[in-house]
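This report refers to the structure that appears directly beneath it.
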Amino acid sequence: MKIINTILEMQAFSSLRRKAGKKLGFVPTMGALHKGHLELVKQAVKENDVVVCSIFVNPIQFNNPDDLKKYPRTFEKDSAMLNDVGCDVIFYPSVEEMYPEPVTRVYDFGNLEKVMEGKFRPGHFNGVAVVVKKLFDIVMPQRAYFGEKDFQQLAIIKALVKMENLDVEIVPCPIVREDDGLAMSSRNVRLSPEHRKHAPRIYETLVKARNMFPVSTVAEVQKEVAKIIENEPFMQLEYFEVSDLETLEPVSENKPGKSVIGCIAVHMGDVRLIDNMIFNL
Ligand code: PAF
């Protein structure tokens with residue numbers, strides 16, 4: 001497995017492989033890898049000739065400086081894990097390499113960036129879009145793999161690809177969960193043992209909401225979710241939305257035949273966790 005730190009070397013590597021007719025699969029990450037990331041890489045290995053994974057803690061997508069400072073950085077462990085699952089290249093640039101000049105690009109994703117994560121983390125999706133566009137230009141993949149845990153991020157990236165006419169297939173991959181249901185996340189390691197014990201309640205609440213959905217109004221489901229989380233001693237609910245699968249607009253009525261998605265964000269101490277689940281009638 002190769003480790004590449006510069007944009008020029010990464011572009012030269014990808015150009016050569018593409019000229020040789022190879023299919024490049026790409027998994028962008030911020031490191032602190034867990035089994036969820038490794039599933040993305042394994043799928044990319046199955047579907048492509050060459051797999052590149054980037055590790056870059058992107059400062060411009062953090063609206064909370066403390067969150068950026070505390071973001072786990074575990075490069076040695078990450079690279080060993082990537083090597084084991086057959087990744088060919090880690091693209092591991094510095095902040096100066098990625099952003100030699102201040103970033104001025106401002107995307108307009110309309111409502112998609114104003115709801116849920118967009119509402120509570122201003123500027124976050126612009127930072128994600130800027131870095132993903134840059135990474136696509138550098139790595140030049142034919143396919144890129146993203147987890148459905150960050151469902152809104154996935155929607156933003158699909159919109160970015162359309163907006164910029166990028167020739168990259170976006171491959172969504174299902175949420176990977178711990179045995180107790182907690183969605184895998186790089187932030188889970190920051191939970192205290194007590195908080196970690198309670199954290200699967202988020203998943204259990206989503207399951208309850210999904211089961212209620214066919215026989216309840218959206219308002220009843222929302223009320224129940226708020227009640228469960230508020231009664232949890234270590235949790236503060238930031239939002240729970242029932243949203244349209246495509247536009248992510250909040251849905252107020254359940255219509256037969258239309259799937260929606262329940263999205264939740266919860267604070268446990270200084271750790272913010274998100275999760276989601278598709279609800280069908
Ligand atoms: O999902 C992430 O880890 C990040 O948002 C991404 C897509 C790597 C961009 O920094």
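Quick note: numbers below take in every heavy atom, side chains included, and nothing from hydrogens, waters or symmetry partners. Read the numbers this way: they start at 1 and go in the same order the structure lists the ligands and their atoms.
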Lys/Arg N to Asp/Glu carboxylate O, Arg190 vs Asp67, below 4.0 Å: yes
Side chains of Gln152 and His124 in contact at under 4.5 Å (non-hydrogen atoms): no
Residue pairs involving residues 6-30 (criterion salt bridge (Lys or Arg N to Asp or Glu O under 4.0 Å); sequence neighbours excluded): Lys2-Glu9
Other cluster members, Met184 - Ile/Leu/Val/Met/Phe/Trp/Tyr, side-chain contacts below 4.5 Å: Val176
May I have a table of the N/O to N/O pairs between ligand 1 and the protein that fall below 3.5 Å, each row giving the two atom names and the distance to 0.1 Å?
residue	atom	partner	partner atom	Å
ligand 1	1 (O)	Gln153	NE2	2.8
ligand 1	5 (O)	Gln61	NE2	2.9
ligand 1	5 (O)	Gln153	OE1	2.7
ligand 1	10 (O)	Gln61	OE1	2.6

Residue pairs passing the salt bridge (Lys or Arg N to Asp or Glu O under 4.0 Å) test where at least one lies in residues 81-107, sequence neighbours excluded: Arg105-Glu164
Connected via hydrophobic side-chain network under 4.5 Å: Val89 and Ile3: no
